[in-house]
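A note on names: the letters A, B, ... follow the listed sequences, proteins ahead of strands, and every chain is numbered from 1. Values below: all heavy atoms of this structure, side chains included; hydrogens, waters and symmetry mates excluded. Just so we're clear, the structure is a prediction, and the values are computed from it rather than from any experiment.
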Amino acid sequence: MMNVFDSRGLDRTNCFAQCFNQPGTHRYAVVPAQGRHFSQELPYVVTVAAGPATGEGSQHNVEIRFRSGHFTAVPESISIKQGDVVLWTSTEENIPRYAVIGKNRAFASDRLTKECVYTHIFGLPGTYRWVDANGSRASGTVTVTSPDSKNEAEVKKWRDALGQVALVTIKGAASGNDAKAVVGQQVFFAVEEAPGISITDERVLRDEQAGGGPGNVGPATPGVIGVITGFTAIGIRPPES
Amino acid sequence: MPEIVAAIDEKGANRALALSIAEVGPQSASGSRTLGPFTASYSVTATFQASGIDLIPPDTIRIMKLRMNWSLNFNLAIDLNKILPQFCLPQICIKIFGKKICTPKVCISWPTINIPINFADFLQVTADFRLDVQLVGSMWQVSAKLLALPSLQFGVPSAAILAMIGAAAVPILLAVPFLGPFLALAVAAILAAIGVAGLTGFLGPILTPFVSGLKFKVYERPRVVRLLPMQSAIDPVVDITIDRVEASIVFNQEDELIVGLDISR
(Lines give C-alpha, C1' and ligand atoms only; values in the text may rest on other atoms or scores of the structure.)
Protein backbone atom coordinates (compact mmCIF):
# COMPACT_ATOMS: atom_id res chain seq x y z
CA MET A 1 0.00 0.00 0.00
CA MET A 2 1.36 3.43 -0.93
CA ASN A 3 1.43 6.21 1.62
CA VAL A 4 2.38 9.40 -0.20
CA PHE A 5 1.27 12.63 1.44
CA ASP A 6 0.31 14.57 -1.67
CA SER A 7 -3.18 15.59 -2.75
CA ARG A 8 -2.03 15.59 -6.37
CA GLY A 9 -2.14 11.80 -6.27
CA LEU A 10 -4.69 9.80 -4.32
CA ASP A 11 -4.44 6.19 -3.21
CA ARG A 12 -6.13 3.92 -0.72
CA THR A 13 -5.06 6.07 2.20
CA ASN A 14 -6.75 9.19 0.80
CA CYS A 15 -10.20 10.56 0.07
CA PHE A 16 -11.26 13.61 -1.90
CA ALA A 17 -14.65 15.17 -1.24
CA GLN A 18 -16.34 18.10 -2.98
CA CYS A 19 -19.48 19.98 -2.00
CA PHE A 20 -21.66 20.83 -4.99
CA ASN A 21 -23.55 24.01 -4.25
CA GLN A 22 -24.43 24.94 -7.83
CA PRO A 23 -26.89 23.06 -10.03
CA GLY A 24 -25.79 21.73 -13.36
CA THR A 25 -23.95 18.90 -15.05
CA HIS A 26 -20.35 18.49 -14.01
CA ARG A 27 -18.21 16.22 -16.13
CA TYR A 28 -14.92 14.91 -14.88
CA ALA A 29 -12.09 12.45 -15.47
CA VAL A 30 -10.02 10.18 -13.30
CA VAL A 31 -6.41 10.31 -14.48
CA PRO A 32 -3.01 9.08 -13.30
CA ALA A 33 -1.51 11.43 -10.77
CA GLN A 34 0.12 14.30 -12.59
CA GLY A 35 -1.15 12.88 -15.85
CA ARG A 36 -4.00 15.33 -16.33
CA HIS A 37 -2.65 16.54 -19.62
CA PHE A 38 -2.66 13.11 -21.21
CA SER A 39 -6.38 12.92 -21.82
CA GLN A 40 -9.10 15.42 -22.67
CA GLU A 41 -11.92 12.96 -22.16
CA LEU A 42 -14.38 13.53 -19.34
CA PRO A 43 -16.32 10.29 -19.16
CA TYR A 44 -17.90 10.68 -15.71
CA VAL A 45 -20.75 12.90 -14.60
CA VAL A 46 -22.14 14.52 -11.48
CA THR A 47 -25.59 15.95 -12.14
CA VAL A 48 -26.69 18.45 -9.52
CA ALA A 49 -30.40 19.13 -9.31
CA ALA A 50 -31.42 22.67 -8.52
CA GLY A 51 -33.26 23.39 -5.28
CA PRO A 52 -32.59 24.78 -1.84
CA ALA A 53 -30.03 22.84 0.22
CA THR A 54 -31.70 21.19 3.20
CA GLY A 55 -30.04 20.12 6.39
CA GLU A 56 -26.59 18.66 6.10
CA GLY A 57 -27.09 17.40 2.57
CA SER A 58 -26.26 13.87 1.61
CA GLN A 59 -22.98 12.20 0.86
CA HIS A 60 -22.54 10.20 -2.33
CA ASN A 61 -19.59 7.86 -2.67
CA VAL A 62 -17.75 7.11 -5.89
CA GLU A 63 -15.37 4.16 -5.88
CA ILE A 64 -12.27 4.43 -8.05
CA ARG A 65 -10.97 1.20 -9.53
CA PHE A 66 -8.05 0.30 -11.76
CA ARG A 67 -8.84 -2.27 -14.44
CA SER A 68 -7.04 -3.29 -17.59
CA GLY A 69 -4.66 -0.38 -17.33
CA HIS A 70 -7.10 2.44 -16.72
CA PHE A 71 -9.11 4.02 -13.96
CA THR A 72 -12.87 3.72 -13.69
CA ALA A 73 -15.32 5.52 -11.46
CA VAL A 74 -18.22 3.55 -10.06
CA PRO A 75 -20.91 4.71 -10.55
CA GLU A 76 -19.98 6.51 -13.75
CA SER A 77 -22.86 8.90 -13.36
CA ILE A 78 -24.53 10.16 -10.19
CA SER A 79 -27.42 12.51 -9.57
CA ILE A 80 -27.35 14.56 -6.43
CA LYS A 81 -29.09 17.59 -4.94
CA GLN A 82 -27.69 21.05 -4.60
CA GLY A 83 -25.65 21.11 -1.38
CA ASP A 84 -24.76 17.42 -1.41
CA VAL A 85 -21.23 16.06 -1.15
CA VAL A 86 -19.47 13.60 -3.45
CA LEU A 87 -16.60 11.61 -1.95
CA TRP A 88 -14.11 9.80 -4.17
CA THR A 89 -12.11 6.96 -2.67
CA SER A 90 -10.60 3.60 -3.54
CA THR A 91 -10.47 0.35 -1.60
CA GLU A 92 -7.99 -1.28 -3.98
CA GLU A 93 -4.77 -2.31 -2.28
CA ASN A 94 -2.25 -1.30 -4.92
CA ILE A 95 -4.16 1.19 -7.00
CA PRO A 96 -1.80 3.56 -8.80
CA ARG A 97 -2.04 7.14 -7.61
CA TYR A 98 -4.77 9.05 -9.38
CA ALA A 99 -6.42 12.45 -9.54
CA VAL A 100 -10.05 13.50 -9.97
CA ILE A 101 -10.23 16.39 -12.42
CA GLY A 102 -13.42 18.30 -13.23
CA LYS A 103 -14.09 20.13 -16.45
CA ASN A 104 -12.56 23.59 -16.56
CA ARG A 105 -11.12 22.86 -13.15
CA ALA A 106 -14.50 23.35 -11.54
CA PHE A 107 -13.22 20.88 -8.99
CA ALA A 108 -9.97 18.91 -8.83
CA SER A 109 -8.18 16.88 -6.20
CA ASP A 110 -4.86 18.42 -7.24
CA ARG A 111 -6.18 22.00 -7.13
CA LEU A 112 -8.33 22.44 -4.06
CA THR A 113 -10.48 25.52 -4.25
CA LYS A 114 -13.75 25.75 -2.37
CA GLU A 115 -15.58 23.62 0.14
CA CYS A 116 -13.62 20.50 -0.57
CA VAL A 117 -11.75 18.04 1.59
CA TYR A 118 -8.59 16.01 1.16
CA THR A 119 -7.90 13.30 3.72
CA HIS A 120 -4.71 11.42 4.39
CA ILE A 121 -3.83 8.61 6.80
CA PHE A 122 -0.21 8.82 7.93
CA GLY A 123 1.56 5.48 8.19
CA LEU A 124 4.85 6.57 9.72
CA PRO A 125 5.61 8.93 12.61
CA GLY A 126 7.49 12.20 12.23
CA THR A 127 7.03 15.83 11.34
CA TYR A 128 5.55 16.47 7.90
CA ARG A 129 5.75 19.94 6.46
CA TRP A 130 3.39 20.44 3.55
CA VAL A 131 3.37 23.15 0.88
CA ASP A 132 1.34 24.06 -2.18
CA ALA A 133 2.98 22.55 -5.27
CA ASN A 134 0.96 25.00 -7.37
CA GLY A 135 2.96 27.89 -6.03
CA SER A 136 0.93 29.74 -3.39
CA ARG A 137 2.21 30.29 0.14
CA ALA A 138 -0.25 27.90 1.73
CA SER A 139 1.62 25.55 4.03
CA GLY A 140 1.46 23.78 7.34
CA THR A 141 2.87 21.03 9.48
CA VAL A 142 1.47 17.73 10.66
CA THR A 143 3.19 16.09 13.62
CA VAL A 144 2.55 12.35 13.69
CA THR A 145 3.39 10.17 16.66
CA SER A 146 3.40 6.44 17.20
CA PRO A 147 2.93 4.70 20.55
CA ASP A 148 5.66 2.73 22.27
CA SER A 149 4.52 -0.69 21.10
CA LYS A 150 5.70 -2.36 24.31
CA ASN A 151 3.57 -0.09 26.50
CA GLU A 152 0.02 -1.46 26.63
CA ALA A 153 -1.46 1.73 28.02
CA GLU A 154 0.03 3.74 25.15
CA VAL A 155 -1.19 1.27 22.59
CA LYS A 156 -4.70 1.48 24.03
CA LYS A 157 -4.55 5.28 23.98
CA TRP A 158 -3.44 5.05 20.36
CA ARG A 159 -6.36 2.82 19.41
CA ASP A 160 -8.77 5.29 21.01
CA ALA A 161 -7.18 8.18 19.11
CA LEU A 162 -7.82 6.47 15.78
CA GLY A 163 -11.52 7.22 16.14
CA GLN A 164 -10.97 10.91 16.73
CA VAL A 165 -10.92 13.66 14.13
CA ALA A 166 -7.79 15.56 13.23
CA LEU A 167 -8.90 18.60 11.23
CA VAL A 168 -7.01 21.36 9.44
CA THR A 169 -9.20 24.14 8.02
CA ILE A 170 -7.55 26.12 5.24
CA LYS A 171 -8.69 29.54 4.20
CA GLY A 172 -6.75 31.38 1.55
CA ALA A 173 -3.07 30.83 1.03
CA ALA A 174 -2.07 31.19 4.64
CA SER A 175 0.67 29.30 6.38
CA GLY A 176 0.54 27.84 9.86
CA ASN A 177 -2.11 25.25 9.10
CA ASP A 178 -0.85 22.78 11.66
CA ALA A 179 -2.17 19.58 13.16
CA LYS A 180 -1.20 16.71 15.41
CA ALA A 181 -2.12 13.12 14.73
CA VAL A 182 -1.15 9.57 15.50
CA VAL A 183 -0.11 6.88 13.02
CA GLY A 184 -3.26 5.51 11.43
CA GLN A 185 -5.41 8.53 12.25
CA GLN A 186 -7.25 10.16 9.38
CA VAL A 187 -6.31 13.84 8.95
CA PHE A 188 -8.89 16.03 7.21
CA PHE A 189 -7.70 19.05 5.24
CA ALA A 190 -10.87 21.08 4.72
CA VAL A 191 -10.35 23.82 2.17
CA GLU A 192 -12.91 26.54 2.78
CA GLU A 193 -11.56 28.74 0.04
CA ALA A 194 -8.18 28.74 -1.65
CA PRO A 195 -6.57 29.61 -5.00
CA GLY A 196 -6.40 26.02 -6.26
CA ILE A 197 -3.83 24.58 -3.88
CA SER A 198 -2.30 21.17 -3.45
CA ILE A 199 -1.30 19.74 -0.11
CA THR A 200 2.08 18.24 -0.84
CA ASP A 201 4.81 16.88 1.39
CA GLU A 202 7.66 19.35 1.04
CA ARG A 203 10.18 16.56 0.54
CA VAL A 204 8.18 15.10 -2.34
CA LEU A 205 8.28 18.47 -4.07
CA ARG A 206 11.96 18.91 -3.31
CA ASP A 207 12.76 15.51 -4.83
CA GLU A 208 10.77 16.36 -7.95
CA GLN A 209 12.58 19.62 -8.33
CA ALA A 210 15.90 17.84 -7.86
CA GLY A 211 15.03 15.68 -10.85
CA GLY A 212 13.84 12.63 -8.95
CA GLY A 213 10.65 12.50 -10.95
CA PRO A 214 7.06 12.77 -9.81
CA GLY A 215 6.47 11.37 -6.40
CA ASN A 216 9.94 9.87 -5.97
CA VAL A 217 11.38 9.83 -2.53
CA GLY A 218 14.64 8.51 -1.17
CA PRO A 219 15.37 5.50 1.02
CA ALA A 220 13.15 4.89 3.99
CA THR A 221 15.55 5.30 6.85
CA PRO A 222 19.31 5.71 6.88
CA GLY A 223 20.82 2.30 7.61
CA VAL A 224 17.80 0.31 6.48
CA ILE A 225 19.21 -2.52 4.52
CA GLY A 226 16.05 -4.44 3.94
CA VAL A 227 13.83 -4.52 0.89
CA ILE A 228 10.05 -4.42 1.18
CA THR A 229 8.18 -6.24 -1.49
CA GLY A 230 4.51 -5.76 -1.94
CA PHE A 231 5.05 -2.00 -1.75
CA THR A 232 6.30 0.19 -4.53
CA ALA A 233 9.29 2.38 -3.90
CA ILE A 234 7.29 5.59 -4.26
CA GLY A 235 6.06 7.09 -1.09
CA ILE A 236 7.62 4.98 1.58
CA ARG A 237 9.68 7.38 3.56
CA PRO A 238 9.34 8.67 7.12
CA PRO A 239 9.94 12.36 7.49
CA GLU A 240 12.73 13.92 9.42
CA SER A 241 12.06 13.60 13.14
CA MET B 1 53.15 -58.76 0.51
CA PRO B 2 53.50 -55.32 -1.18
CA GLU B 3 56.74 -54.58 -2.97
CA ILE B 4 56.96 -50.98 -1.75
CA VAL B 5 55.98 -49.80 1.70
CA ALA B 6 55.82 -46.20 2.89
CA ALA B 7 55.18 -45.30 6.48
CA ILE B 8 54.57 -42.06 8.34
CA ASP B 9 54.18 -41.54 12.03
CA GLU B 10 51.57 -39.34 13.70
CA LYS B 11 53.79 -36.30 13.46
CA GLY B 12 54.20 -36.81 9.74
CA ALA B 13 50.50 -37.58 9.39
CA ASN B 14 49.67 -34.31 11.15
CA ARG B 15 51.76 -32.40 8.63
CA ALA B 16 50.22 -34.27 5.73
CA LEU B 17 46.75 -33.58 7.08
CA ALA B 18 47.41 -29.89 7.48
CA LEU B 19 48.49 -29.72 3.83
CA SER B 20 45.52 -31.75 2.78
CA ILE B 21 43.05 -29.54 4.63
CA ALA B 22 44.63 -26.47 3.09
CA GLU B 23 44.11 -28.05 -0.32
CA VAL B 24 40.38 -28.48 0.38
CA GLY B 25 40.05 -24.70 0.41
CA PRO B 26 36.84 -22.75 0.93
CA GLN B 27 33.72 -24.74 0.19
CA SER B 28 30.51 -22.96 -0.86
CA ALA B 29 26.87 -23.80 -1.23
CA SER B 30 23.65 -21.91 -1.82
CA GLY B 31 19.97 -22.66 -1.86
CA SER B 32 16.66 -22.02 -0.22
CA ARG B 33 15.06 -23.56 2.85
CA THR B 34 12.12 -22.97 5.12
CA LEU B 35 12.83 -21.36 8.46
CA GLY B 36 9.77 -21.81 10.60
CA PRO B 37 6.87 -20.58 8.47
CA PHE B 38 9.18 -18.40 6.41
CA THR B 39 11.47 -18.96 3.46
CA ALA B 40 15.15 -18.17 3.50
CA SER B 41 17.53 -18.13 0.58
CA TYR B 42 21.13 -18.53 1.63
CA SER B 43 24.72 -18.77 0.54
CA VAL B 44 27.36 -20.22 2.83
CA THR B 45 31.13 -20.60 2.71
CA ALA B 46 33.16 -22.89 4.95
CA THR B 47 36.86 -23.43 5.61
CA PHE B 48 38.48 -26.08 7.75
CA GLN B 49 41.29 -26.38 10.23
CA ALA B 50 42.28 -29.13 12.64
CA SER B 51 44.41 -29.21 15.75
CA GLY B 52 45.79 -32.71 15.34
CA ILE B 53 45.16 -36.36 14.62
CA ASP B 54 45.32 -39.67 16.39
CA LEU B 55 46.14 -42.78 14.36
CA ILE B 56 44.09 -45.74 15.59
CA PRO B 57 44.75 -49.23 14.25
CA PRO B 58 43.67 -50.84 12.03
CA ASP B 59 42.35 -48.05 9.76
CA THR B 60 40.98 -45.07 11.67
CA ILE B 61 42.28 -41.53 11.72
CA ARG B 62 40.72 -39.49 14.49
CA ILE B 63 40.86 -35.75 13.76
CA MET B 64 40.77 -33.78 16.97
CA LYS B 65 38.89 -30.50 17.14
CA LEU B 66 38.15 -30.30 13.47
CA ARG B 67 36.95 -26.76 13.15
CA MET B 68 34.76 -25.54 10.38
CA ASN B 69 34.63 -21.76 10.11
CA TRP B 70 31.54 -20.79 8.23
CA SER B 71 29.93 -17.58 7.08
CA LEU B 72 26.33 -17.46 6.05
CA ASN B 73 24.37 -14.84 4.17
CA PHE B 74 20.68 -15.43 4.17
CA ASN B 75 17.66 -13.47 3.16
CA LEU B 76 14.59 -14.16 5.22
CA ALA B 77 11.30 -13.52 3.41
CA ILE B 78 8.44 -12.90 5.83
CA ASP B 79 4.83 -12.50 4.82
CA LEU B 80 3.69 -10.27 7.66
CA ASN B 81 0.07 -11.32 7.10
CA LYS B 82 1.06 -14.67 8.61
CA ILE B 83 2.10 -13.15 11.91
CA LEU B 84 0.17 -9.91 12.34
CA PRO B 85 -3.57 -9.58 12.83
CA GLN B 86 -5.64 -7.91 10.18
CA PHE B 87 -5.99 -4.33 11.19
CA CYS B 88 -8.63 -1.84 10.05
CA LEU B 89 -8.66 1.91 10.49
CA PRO B 90 -12.13 3.02 11.47
CA GLN B 91 -14.57 5.13 9.50
CA ILE B 92 -14.37 8.77 10.56
CA CYS B 93 -17.13 11.35 10.21
CA ILE B 94 -16.76 15.10 10.54
CA LYS B 95 -19.08 18.04 10.24
CA ILE B 96 -17.63 20.67 7.96
CA PHE B 97 -19.12 23.40 5.73
CA GLY B 98 -22.46 22.50 7.34
CA LYS B 99 -22.22 18.99 5.91
CA LYS B 100 -21.48 15.62 7.39
CA ILE B 101 -18.63 13.84 5.58
CA CYS B 102 -17.67 10.24 6.38
CA THR B 103 -14.63 8.39 5.10
CA PRO B 104 -14.68 4.61 4.68
CA LYS B 105 -13.02 2.03 6.91
CA VAL B 106 -9.58 1.09 5.56
CA CYS B 107 -8.21 -2.40 6.25
CA ILE B 108 -4.46 -2.84 6.14
CA SER B 109 -2.90 -5.69 4.26
CA TRP B 110 0.65 -6.27 5.41
CA PRO B 111 3.48 -6.68 2.92
CA THR B 112 6.19 -9.30 2.62
CA ILE B 113 9.48 -8.05 3.93
CA ASN B 114 12.98 -9.32 3.29
CA ILE B 115 15.55 -9.32 6.05
CA PRO B 116 19.14 -9.88 4.97
CA ILE B 117 21.34 -11.39 7.65
CA ASN B 118 25.05 -12.00 7.58
CA PHE B 119 26.43 -14.28 10.19
CA ALA B 120 29.74 -16.01 10.78
CA ASP B 121 30.48 -18.69 13.32
CA PHE B 122 32.29 -21.97 13.66
CA LEU B 123 31.52 -25.47 14.68
CA GLN B 124 33.96 -27.87 16.15
CA VAL B 125 33.85 -31.65 16.14
CA THR B 126 36.12 -34.57 16.86
CA ALA B 127 35.50 -37.08 14.15
CA ASP B 128 36.73 -40.45 13.01
CA PHE B 129 37.78 -41.00 9.43
CA ARG B 130 38.43 -44.32 7.75
CA LEU B 131 41.21 -44.94 5.27
CA ASP B 132 39.83 -45.34 1.80
CA VAL B 133 41.83 -46.41 -1.25
CA GLN B 134 40.55 -45.58 -4.72
CA LEU B 135 41.94 -45.51 -8.24
CA VAL B 136 40.61 -42.23 -9.58
CA GLY B 137 41.37 -41.99 -13.27
CA SER B 138 45.07 -42.61 -13.47
CA MET B 139 45.77 -41.73 -9.85
CA TRP B 140 45.82 -43.92 -6.77
CA GLN B 141 44.39 -41.96 -3.87
CA VAL B 142 44.42 -42.84 -0.21
CA SER B 143 41.91 -40.67 1.59
CA ALA B 144 40.50 -40.29 5.04
CA LYS B 145 36.72 -40.47 4.70
CA LEU B 146 34.32 -39.50 7.47
CA LEU B 147 33.16 -42.59 9.30
CA ALA B 148 30.08 -41.23 11.07
CA LEU B 149 28.59 -37.79 11.46
CA PRO B 150 29.26 -36.41 14.92
CA SER B 151 26.82 -34.14 16.70
CA LEU B 152 27.43 -30.53 15.69
CA GLN B 153 28.08 -27.93 18.31
CA PHE B 154 27.76 -24.32 17.27
CA GLY B 155 30.15 -21.77 18.67
CA VAL B 156 27.44 -19.21 19.36
CA PRO B 157 24.16 -20.29 20.94
CA SER B 158 21.14 -20.33 18.66
CA ALA B 159 19.43 -17.88 21.02
CA ALA B 160 22.08 -15.30 20.16
CA ILE B 161 21.44 -15.81 16.46
CA LEU B 162 17.72 -15.35 17.05
CA ALA B 163 18.43 -12.09 18.84
CA MET B 164 20.46 -11.01 15.83
CA ILE B 165 17.54 -11.76 13.51
CA GLY B 166 15.28 -9.71 15.77
CA ALA B 167 17.67 -6.77 15.72
CA ALA B 168 17.96 -6.94 11.93
CA ALA B 169 14.18 -7.02 11.58
CA VAL B 170 13.50 -3.86 13.60
CA PRO B 171 14.62 -1.14 11.15
CA ILE B 172 12.91 -2.93 8.29
CA LEU B 173 9.67 -3.29 10.22
CA LEU B 174 9.80 0.36 11.28
CA ALA B 175 9.72 1.39 7.63
CA VAL B 176 6.42 -0.44 7.05
CA PRO B 177 3.52 2.05 7.19
CA PHE B 178 1.10 1.51 10.07
CA LEU B 179 3.26 -1.19 11.63
CA GLY B 180 4.87 0.99 14.33
CA PRO B 181 2.28 0.26 17.02
CA PHE B 182 2.69 -3.44 16.31
CA LEU B 183 6.49 -3.50 16.29
CA ALA B 184 7.01 -5.38 19.55
CA LEU B 185 4.31 -7.86 18.56
CA ALA B 186 5.86 -8.38 15.11
CA VAL B 187 9.37 -8.99 16.40
CA ALA B 188 8.16 -11.38 19.10
CA ALA B 189 6.01 -13.23 16.57
CA ILE B 190 8.86 -13.59 14.09
CA LEU B 191 11.25 -14.97 16.71
CA ALA B 192 8.63 -17.25 18.22
CA ALA B 193 7.73 -18.60 14.78
CA ILE B 194 11.36 -19.41 14.03
CA GLY B 195 12.35 -20.58 17.51
CA VAL B 196 15.62 -22.14 18.60
CA ALA B 197 14.58 -25.52 17.24
CA GLY B 198 13.72 -23.98 13.89
CA LEU B 199 17.06 -22.24 13.69
CA THR B 200 19.00 -25.39 14.52
CA GLY B 201 16.85 -27.24 12.00
CA PHE B 202 17.70 -24.56 9.45
CA LEU B 203 21.43 -24.35 10.07
CA GLY B 204 22.03 -28.06 10.58
CA PRO B 205 21.00 -29.23 7.09
CA ILE B 206 22.92 -26.34 5.53
CA LEU B 207 26.14 -27.00 7.41
CA THR B 208 25.99 -30.76 7.82
CA PRO B 209 26.82 -31.57 4.18
CA PHE B 210 30.09 -29.72 4.55
CA VAL B 211 31.07 -32.09 7.34
CA SER B 212 29.41 -35.27 6.11
CA GLY B 213 31.07 -34.90 2.75
CA LEU B 214 34.54 -34.42 4.19
CA LYS B 215 37.35 -36.37 2.66
CA PHE B 216 41.00 -35.58 3.03
CA LYS B 217 43.65 -36.86 0.71
CA VAL B 218 46.43 -38.57 2.64
CA TYR B 219 48.48 -40.06 -0.16
CA GLU B 220 48.42 -39.87 -3.94
CA ARG B 221 50.51 -41.49 -6.64
CA PRO B 222 50.00 -42.00 -10.38
CA ARG B 223 49.25 -45.55 -11.39
CA VAL B 224 52.09 -45.57 -13.91
CA VAL B 225 55.38 -44.22 -12.63
CA ARG B 226 58.28 -43.49 -14.94
CA LEU B 227 61.44 -44.82 -13.35
CA LEU B 228 63.80 -44.03 -16.21
CA PRO B 229 63.35 -41.85 -19.28
CA MET B 230 64.41 -43.06 -22.72
CA GLN B 231 68.16 -42.77 -22.95
CA SER B 232 68.60 -43.97 -26.54
CA ALA B 233 67.05 -46.18 -29.13
CA ILE B 234 68.35 -49.16 -27.26
CA ASP B 235 67.55 -47.77 -23.81
CA PRO B 236 63.76 -47.33 -23.78
CA VAL B 237 61.71 -45.80 -20.95
CA VAL B 238 61.28 -47.82 -17.83
CA ASP B 239 57.87 -47.55 -16.24
CA ILE B 240 56.33 -49.41 -13.38
CA THR B 241 52.65 -49.87 -12.81
CA ILE B 242 51.17 -49.72 -9.38
CA ASP B 243 48.64 -52.54 -9.50
CA ARG B 244 47.33 -52.30 -5.99
CA VAL B 245 47.53 -50.00 -3.00
CA GLU B 246 46.65 -50.86 0.53
CA ALA B 247 46.64 -48.57 3.54
CA SER B 248 46.42 -49.33 7.20
CA ILE B 249 47.48 -48.16 10.61
CA VAL B 250 49.85 -50.32 12.50
CA PHE B 251 51.43 -50.07 15.89
CA ASN B 252 55.18 -50.47 15.55
CA GLN B 253 56.64 -48.88 18.67
CA GLU B 254 54.28 -46.07 17.77
CA ASP B 255 51.19 -45.78 15.57
CA GLU B 256 52.12 -45.46 11.93
CA LEU B 257 50.20 -45.00 8.74
CA ILE B 258 51.47 -47.63 6.31
CA VAL B 259 50.90 -47.49 2.56
CA GLY B 260 51.87 -50.59 0.58
CA LEU B 261 52.17 -50.75 -3.21
CA ASP B 262 52.07 -53.85 -5.42
CA ILE B 263 53.90 -53.10 -8.63
CA SER B 264 54.58 -54.67 -11.99
CA ARG B 265 56.51 -53.64 -14.99
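In this structure, the side chains of B:L147 and B:R130 come closer than 4.5 Å at one or more pairs of heavy atoms. Side-chain atoms of B:S20 and B:S143, non-hydrogen and from C-beta on, never get closer than 4.5 Å to each other.
Here A:L162 is the residue among A:D84, A:L162, A:V183 with the most heavy-atom pairs under 4.5 Å with chain B. For chain A, the option among B:A77, B:A184, B:A169, B:C93 with the highest count of heavy-atom pairs below 4.5 Å is B:A184.
Side-chain contact, A:N61 with A:E63: no donor N or O sits under 3.5 Å from an acceptor N or O. At a cut-off of 3.5 Å, with distance as the only test, no side-chain donor of A:Y44 or A:W88 sits close to an acceptor on the other residue.
Proximity to chain B involves both the backbone and the side chain of A:I121, based on heavy atoms less than 4.5 angstrom apart. Of the atoms belonging to A:L87, it is side-chain heavy atoms, and not backbone ones, that fall under 4.5 Å from chain B. When heavy atoms are compared at a cutoff of 4.5 Å, B:I92 approaches chain A by way of both its backbone and its side chain. Contact annotation for A:T89: only side-chain heavy atoms (C-beta onward) come within less than 4.5 Å of a heavy atom of chain B. Within the 4.5 angstrom heavy-atom criterion, atoms from both the backbone and the side chain of A:S149 approach chain B. Of the atoms belonging to B:K105, not a single heavy atom falls under 4.5 Å from chain A. The contact between A:A17 and chain B is made entirely by side chain atoms (from C-beta outward), counting heavy-atom distances below 4.5 Å. Proximity to chain B involves both the backbone and the side chain of A:E115, based on heavy atoms less than 4.5 angstrom apart. Only the side chain of B:I96 comes within contact range of chain A, judged by heavy atoms closer than 4.5 Å. Residue contact with chain A, scored on non-hydrogen atoms closer than 4.5 Å, involves the backbone and the side chain of B:C102 alike. With a 4.5 angstrom heavy-atom cutoff, A:V191 touches chain B only via backbone atoms.
Ring centroid separation for the pair A:F189 and A:F5 comes in under the 6.0 Å cut-off.
Heavy-atom neighbours of A:E152 CD from other residues, nucleotides or ligands within 6.0 Å: at or below the threshold of 12.
Expressed to the nearest 0.5 Å, how far CD of A:Q164 lies from CD of A:Q185 amounts to 6.5 Å.
Results of the ring pair (Phe, Tyr, Trp, His ring centres under 6.0 Å) test with B:F119 over B:W70, B:F202, B:F74 single out B:W70 as the only residue that passes.
Remark: the backbone N or O of A:G83 is paired with a side-chain donor or acceptor of B:K99 at under 3.5 angstrom.
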